[in-house]
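Okay, so here's the structure we're looking at.
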Amino acid sequence: MTIALPAEAAVQRRPFKIDMSWPVLLAFAALLCVLIVLPMSWLVYYSLVDKAGAFTLGNFVTLFSEPEFRAPLVTTLMLATSASIFCCLAAAPMGWLVARTDLPFANAVRALVTASFVTPPFLGAIAWELLAAPNSGLLNKLYRHLTGAEMGEHIFNIYSLTGLIFVISCYTFPYIFVLVANALDRIPGDLEDASSMLGGSAATTARRITIPLALPALLAGMLIAFLQAMTLFGSPAILALPAGFHTMTTKIWSLFQFPPKPELAAAASLPLLVLTVMLLRAQHMILGRKGYSVVGGKTGDPRLIRLGVWKWPAVAVVFGVLMLPVFLPYFALFNAAFSPIATTLVTPENATLKNLWFTFSLSSTKIALQNTFVLGALTATLGTAMALVIGYITVRRAVVGHQALGFLATAPIAIPGIVLGVGLFLAYTQPPFVLYGTIWILLLAYLTIELPAAFQQLSSAYKAVGNDLEDASRILGATRLQALRHITAPLLRTSVIATWCFIFVATIRELSAAIILFTSDTKVVSVLIFDLKESGDLGAIAVLGLLMLLLTFAVVIAINRIPGFGAAQRLRNT
Amino acid sequence: MASVELRGLTKHYGPLAVVDNVSLTIDHGHLVCLLGPSGCGKTTTLRLIAGFVEPSGGEIRVGDRVLSAPSRTVPPERRNMSMIFQSYALWPHMTVAQNVTYGLELRKLDKDTIGSKLKTILATTHLIELADRYPGELSGGQQQRVALARALIVEPEILLLDEPLSNLDANLREEMRFEVRRLHDQYRYTTVYVTHDQSEAMTTADIIAVMNLGKIEQAGSPEEIYERPRSEFVARFIGMSNVVRGKALDRDHISVAGQTLRCVGDGLSAGADTAVSVRQHVVRLCADKPQSTENILPATVVRQVFLGSSRDYMVEIADGTQIRVVATPTENMAPGSSVWLHLPPERCRVLAG
């Protein structure tokens, strides 16, 4: 082709313009591979070799034949199944009451559910230990005080499978509650009105219309609850180990205690990984089925059902249930923080600040706090930055192959924290990358764990800004970068701040991966709490736990108050 | 001179040719409408001209510069064009004035020039009082005018409009059609206007290019397209046409349902299957058999609707083809009654293929 026209000069001003899209794509693809593909490959490799490095299926044979390993597997499945059923029984009626009836204090209920949502499960487990340990538990003491029963008698024993199921349910039910309440919020009132117009009574309408429409959300919520219960490390480590049994996660952890057996740990991690992937697929299918999506059109507000005489009993039951994940544990933590002995009731006479002094005088506290803040801030900053770039590339289809980046950025959602911990341990204790023992390996773990949520949040923010807004600026003479700076950046600011805060909060409470990857110099607060538990310093745990909660609530409330965050409406002015 | 020339322009997405070998010349100062149903490739053609999409084949020239070719595409910001988006794409974080002056600021004009140009354009588009509002606080029609002002203030060589009126309600849409034409007559930018609404195209365009399945079916003045559609697609898409089918008898006669019709168009070859289009309002409806026998088809009334200024008939001829007829309101024939249709020979157009 000959392009020798004089007016071409203007066009050819920058003849050596380098196409930056390929380097960018490759750099990010490589980074994501280091974060995800490398550890997972090592995981699979280790599960298939023996100590000498020869190929074997022996690890899996051991895993499924020896009772030492089979028992935790069975326990975990029982635990996850019953926890998801319990959660469903508690959360579904609550979700319905809040979304569909004139229940008083509905907003307070939502806020309290959020509170149990953001409470780190291991902290809840420790709080319940304070409440319901057979001898020292506050509730058991109260029982003995009221009935005059002998020392040693108890009504609650938290160190049991039942106790563990109960505590896990306390901090897992919000997943179901949120999904169900949101689904019910979104069902247009017209659908129910249409049923009433055709002669359906309130009960018929609920049975034939409302419940079937909310059912997919409920099922999806149960799967998530199952997943959560299956992959938790903190609560079983705190409650199952003293009771003398193992779940899969604690078993994997114990394989890293002396003498370490990484091959077996890798083999034990794979079933968790496979189950997680399968459950997420199932959840996707349930929620994605077209027949269940609510068909558009103008929709009315849902009609609230009058509870009548049941109003106050309902309130009593809901708040009674919320005692378990929120009021009682928080009280126990406060009590432990200011009482001379963690499991003695605090009174104005014996209240003390010695736990505070003790906690902050520990040298490990200082290191852990510092590590936690540095890692939290670094993870949040790097994670947000990565999600910004990957989100831009995938949403704007900026380069060929953007789908692969999107897939890689979402994939970690299917990797349970402890499995990722094992994978990273295997990948970075040997050349070419030796990171074990530094805080960088924790940074990698946190980044990987938080990336999917950050990516999803910022992708939807990009989608909300829309292509046209950027294109309009391009056609008026702005370069790609100018368009990003003038148009996209200001519109994205609140989402970026919110994403940063979410990552920060999620990072400081992470335990499952950190417990495999920490060393004494790289302890973080969650690991320190776990350690203090082993040495029995419940007062210090309570102080650190409250600090963590305080920080979490401060950030969550701040996000909800960001000016303009609620004004996302304005983005859709067209 | 900002004439635009598309030469064999093609865009593939995978195996699918969204724009398929499109060639079109737009003279300086003309307004061309790309008209077609959704999915016909008109918006992709527009985005190709704007430079948001790279062509897979062919090229786009403005004057004697090649702006787009598969090997090299000038980015949109260096094309000196303006575009009005279907969604208006007003930036929600900027006021009307900030939105409108954005392009001038990128061109680094001094403050006074920007101020005076802003005043002029806001006056032209009746937006003076709204200068400090945010887009979220404007009505649809006002947002539309801001989008126009923002595109016009930079004095582009070429103005692109992507279904600019489709988000407005019916009355406002009608008003804005004339507004677009008025502004075009005032500024005389070379303009490409994409729409699926034929009356919008009729009102605004110098040239209409009817697109279907990624190709231009026919391009010409509104009269030409309307009076002399070249394909069944164009005949059906533009205005209200009936299409009857039959076998050609000789150069200008076809046999339809046992009757002979004389028509006009390119010479027919005897024996070929042929389609003929005739507008709904030129067909005459008679209750009694007319004297003349040329171009008369017997038919039965299927239904009729009284529309005030006219009556809308659906009738069926012997081969089962249904024909719509717009008749005067006084001709009242009940469904089921036999009627005779007169199809004026000079208005029966032979369609290609």
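Values below: all heavy atoms of this structure, side chains included; hydrogens, waters and symmetry mates excluded. Numbers restart at 1 for each chain; the letters A, B, ... are given by sequence-line order, proteins then strands. Since we're looking at a predicted model, the values are computed, not measured.
- Looking at heavy atoms from C-beta onward, Arg79(B) lies out of side-chain contact with Ile475(A) at the 4.5 angstrom threshold.
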Exercise. Could you walk me through whether Met83(B) and Asp471(A) pass the side chain to side chain contact (heavy atoms under 4.5 Å, CB included) check?
Worked result: CA-CA 9 Å; Met83(B) 181 159 169; Asp471(A) 285 351; over 6 Å; no
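- Shown here is Tyr187(B), whose OH atom has more than 12 heavy atoms of other residues, nucleotides or ligands within 6.0 Å.
- Summarising the local packing, CZ of Arg188(B) is surrounded by more than 12 heavy atoms from other residues, nucleotides or ligands at distances under 6.0 Å.
- Applying the side-chain contact (heavy atoms from CB on, under 4.5 Å) test to Asp112(B) and every residue at least two apart in sequence or in another chain returns Asp110(B).
- With a 6.0 Å radius and a threshold of 12 heavy atoms from other residues, nucleotides or ligands, Arg110(A) has its CZ atom above the threshold.
- For the atom pair Phe85(B) CZ and Leu469(A) CG, the distance stands at 9.0 Å (nearest 0.5 Å).
- Minimum interatomic distance between Leu476(A) and Arg107(B) (heavy atoms only, all atoms of both residues): O-NH1, 2.5 Å.
- Looking at every heavy atom in both residues, Leu106(B) comes nearest to Ala478(A) through CD1-N, 3.4 Å.
- Remark: Tyr102(B) OH to Gln482(A) CD distance equals 6.5 Å, nearest 0.5 Å.
- If you measure heavy-atom distances from Arg47(B) to chain A, the contacts under 4.5 Å come from the side chain alone.
- Side-chain contact between Trp91(B) and Pro490(A): absent, with no pair of heavy atoms (C-beta onward) separated by less than 4.5 Å.
- Residues Glu77(B) and Thr479(A) share a closest heavy-atom pair of OE2-CA, 3.3 Å.
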